[in-house]
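Single-structure report; data block below.
Naming: A, B, ... by sequence-line order, numbering from 1 per chain. In this text the structure is predicted, and so the values were computed from the model without any measurement. Only heavy atoms go into these numbers, but all of them, side chains included; no hydrogens, no water, no symmetry mates.
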Amino acid sequence: MPPSSPILKVAVPTPLRRSFDYLVGQSIIPAIGARVRVPFGRQQLVGVVIDHIAESTTPSNKLKPILETIDDQPLLPAHLFKLLLWASDYYLHPVGDVFNTCLPGLLNKGEPAILEPEYYWQLTEEGEQAFSNLGKNAVKQHKILNWALQHQGVISPEHLNQLELIPSELKPLTEKGWLIKKQIELSAKPYTQSNQPLALNPEQHDAVSAMQQSIGQFHGFLLDGVTGSGKTEVYLQLIEQVLIKKQQVLVLVPEIGLTPQTVQRFQRRFNCDIAMLHSGLTDRQRLNIWLKAKQGLTSIVIGTRSALFTPFSDLGLIVVDEEHDVSYKQQDGFRYSARDLAILRARDEQAPIVLGSATPSMESVHNVNQGKLTHLTLRKRAADAKPPHIKVLDIRQRHLENGLSQALLDNMKRHLENGNQCLVFLNRRGFAPSLMCHGCGWIADCQRCDKHMTLHLQQKRLHCHHCDKQVFMPKKCPECGEPELFPIGLGTERLEQALIKAFPNKTVVRIDRDSTRRKQAMQDYVTAIKNNEVDILVGTQMLAKGHHFPNLTMVAVVDIDGCLFSADFRATERTAQLLTQVAGRAGRADKPGEVVIQTHHPEHPLLLNLFTQDYQSLSQQILSERQAGQLPPYTSMALFRAEASTLQYPMEFLNEVSKQLGQVPGLDCFGPFPAPMAKRAGKMRAQLLCQAEQRGLIQRAIKPVISIIEQLPSARKVRWSIDIDPQDPF
DNA sequence: AGCACGCCGACT
DNA sequence: GTCGGCGTGCTC
Ligand SMILES: [Zn+2]
Ligand SMILES: [Zn+2]
C-alpha cells in the first residue's frame, strides 16, 4: 500500500461483473471494507471498498474522487468480508450486488452503522377507557387502540409497519396519555442460565458430547434424525455449551420453519438475547439486530438463508436445520446456497457446524462418505415408536373415486375405527389441476405460462401456480359458450370433499398454503390435531415437515406417480425425501404406523428400494447412480438462463455463450435448449448447461470470457443469469 | 440495472 | 411544431 492516498477498488451496486476504481479526493481514506458514497455515471451510489491499489488500469483522467467515506472502520468482520468476495467469484455474480443482497437495506442506503433506539407504545388505563368512549369519526384512533388491546397493550415497531403508520401518527394519542412511548432496551442480555433441559437418551447424549468436543474449532457434523427423534433438544443442549463459553450461535431454518413457536422454544430455554430475522421486521429492527450481533450483544440469531450474512463478534456454532431444504438456495439474483456458504463460514471462523436432516441431501451424504462431515445418527423415534410399515398399493385396473381406491378407504377405516388419525397426502393444492369444457374440449390455460390453470372451487377462481395469475372461474366456455365445464384431475380441495363424503361422521381438515393463509391458522390446526379433535388430515408437503402428531397411525399417499418420472436428475432424491418425510408422520408409541402408497408403478425401483431399505441406503444407491451418470455431487454444474419475449433471442445469446465456452478442455456444454417450462410469466426462457468434472473448472472457464459475454450484442436483448450448482432446471 | 442521448411517428 | 416510443452506449 502506498504511503499517500491509495486508489480505491470499489464494489458498486450494478449488474456489471467488475469493480470500479476511485480516487480518495478530499475524503478521509476509507479502510478496506468501509462504505463510500461514489459518483457513478449520473447517479450517486453507496459502494464498499474492496481493495487499496497503487495503480489503476483505467486512465487517470477517468478516475473520479469518492464523495464521502461513510464508515471509519471496516463494516464487516474480516472473515465475512472475505467470504462475500469469495462468493462473488464462485457464483460469478457482480460483487456490488453481492454486498447489496447481503447487507441490511439501511446500510445499502448509506445509513451510519450505529445502533439507534427503537420505541414501542404501551396502552394506558386511560387509553383503554378512551377506547370504549371513542367517537364514530375517530377511525384511526380506534384502529390504533384496538390493535393495542389485541396485542397485550403493546404496539411494537413491526406492528406500526403492519398498521401502515409512522411513529408521529401516534403522537396525538401519547399527548392524551392513552399511550406511553417507551424505549426498547438495546444493551446486552448475556447468557446466564437455562431452564431445565430435557433428559437425553443415549443417542442424543452421544451426539451432544461428540459435537461438544469441537466447540472452538471447525468441524462439520451431519445430524441425521427423523422428526420426533429429539433433534431440536440436541441443538439446544449443544447451543447451551456454546453460550456457556460466551460465544454466539447462528441458527438457519427453512423458509416455512421460521415460526414464532420455533423462537419461543429457544426463548423458553435460554435467558439471553435471541433475535429472529423474519420478513415482518422494519429496516431499523433488521439493522439493529445486525449491529447487535456484530457487537456481541445478541447471543443467538435465528433466520432463513439470508441470516447467514449476519456478522458476529465471536461465532461459536452454526446450525442448519433441515439442510436438504431447497429454500437454502436463492433462486434469483445472487444465487447462493446458504448451506454451502455456511460450511465455509464455519471453517473460516473456526466454529463447528451442524447440518440437521432426516433426509440429507446427496451433497451432504457425499461429504460424509468423503470424511468431510461426521455422521451422527438419532435412530430412536420419540417414546420408542417403531418405524412404520409400508404398503405399496397397486391401483392398476382398480376403480378410483376422486383418486381414492376402495382398498385405501378400507385401510383408513380400520385406523379411524380404532380412534386413530389418518393423513392423506397429495402434493397438489386447489380443487383440480385443470378445467375442461364438455362441449369442445377447451382447457383453461394460463396466458403467460405453458401450464393449465388450477381450479380453486372455494374461491371460485382459476389460479396459475407458476406466475400467480388469478381469474374468476368462467361460467361458460369462452370458446363455444357451453355452460358445462368439468374439473380434471385431483387437488387437495377435491380430496377433502371426497373424504368428507366417504367418512361423513369424521372430522376432516385440509392443510395447505390456501387453508393456512391466516396467520394463526397453522398453529390452530396443529393444536386441534394434537387434541384429537381431527380424524383425517388432508394436505400437501406442508404436513410432511416438522410436526409430529402422536395419534396419527396411517399415512395415505394418493398420487406419487407424477414424481416417479421426471427429466430432472434430482427428482429421485426429492421424491425419496418427500416420501420418507410423509412416511415419518405415521406411528406412535404403542403401535407401528402404516403407510399406504397408491401407484400405477409398483415395480418402480424407487418405491421398491425406499421401503425394502431405509433412506440411508437408498441415498447411497442414488449417489452411485449420480456417479455413473457423471452428475453432481461428482461433477459441478453451471446453468446459463436467458429470457425474453420470444424464444429466438435467448437461444441466439446462449448459442454465442456456448461458442465462447466451447474451446475449454474439461468443460462440457449442453444446449442451448428451451427451458423445461419454456413459457413462464409471459417470458420465453432458454438455458445452456455447463458441466465439469473438476470443481472450480467451471469458474476458471467462464471467468475469462464473462466480459465478452456481457458485451455480446445479443446479451442486450435478453435477461440472463448464471446459476452455479443449480437446484431446479426451471 | 439505471440513465442519458438520439432519431422517427401522431398529437395539442 | 413537440411529446414520447425504445434502440444503443456508458458507468471508474
Ligand atoms: Zn367449449
Ligand atoms: Zn401463469
Proximal nucleotide (of B:dG2, C:dC12, C:dG9) relative to the A:L63 side chain: C:dC12
Atom CD of A:Q711 and atom C1' of C:dT8: how far apart are they, to the nearest Å? 13 Å
Minimum-distance nucleotide to A:R716 side chain [options: C:dT11, C:dC12, C:dT8]: C:dT8
Would A:S714 and A:E652 count as a side chain to side chain donor-acceptor pair (under 3.5 Å) here? Give the steps. CA-CA 7 Å; A:S714 53; A:E652 274 172 18; over 6 Å; no
Nearest-Å distance for atom pair CZ/P, residues A:R42 and C:dG9: 15 Å
Between atom CD in A:Q44 and atom C1' in B:dC3, what is the gap in whole Å? 14 Å
Nearest-angstrom distance from the residue atom CG of A:N100 to P of B:dA1: 14 Å
Find the distance A:L16:CG to B:dG2:C1' and express it as a whole number of Å. 10 Å
Nearest-Å distance for atom pair CG/P, residues A:D97 and B:dG2: 10 Å
Separation of B:dA1 C1' from A:E710 CD (nearest whole Å): 12 Å
Taking atom C1' of B:dA1 as reference, at what distance in whole Å does atom CZ of A:F40 sit? 9 Å
Nearest to the A:T14 side chain among C:dT8, B:dA1, C:dC12, which nucleotide is it? B:dA1
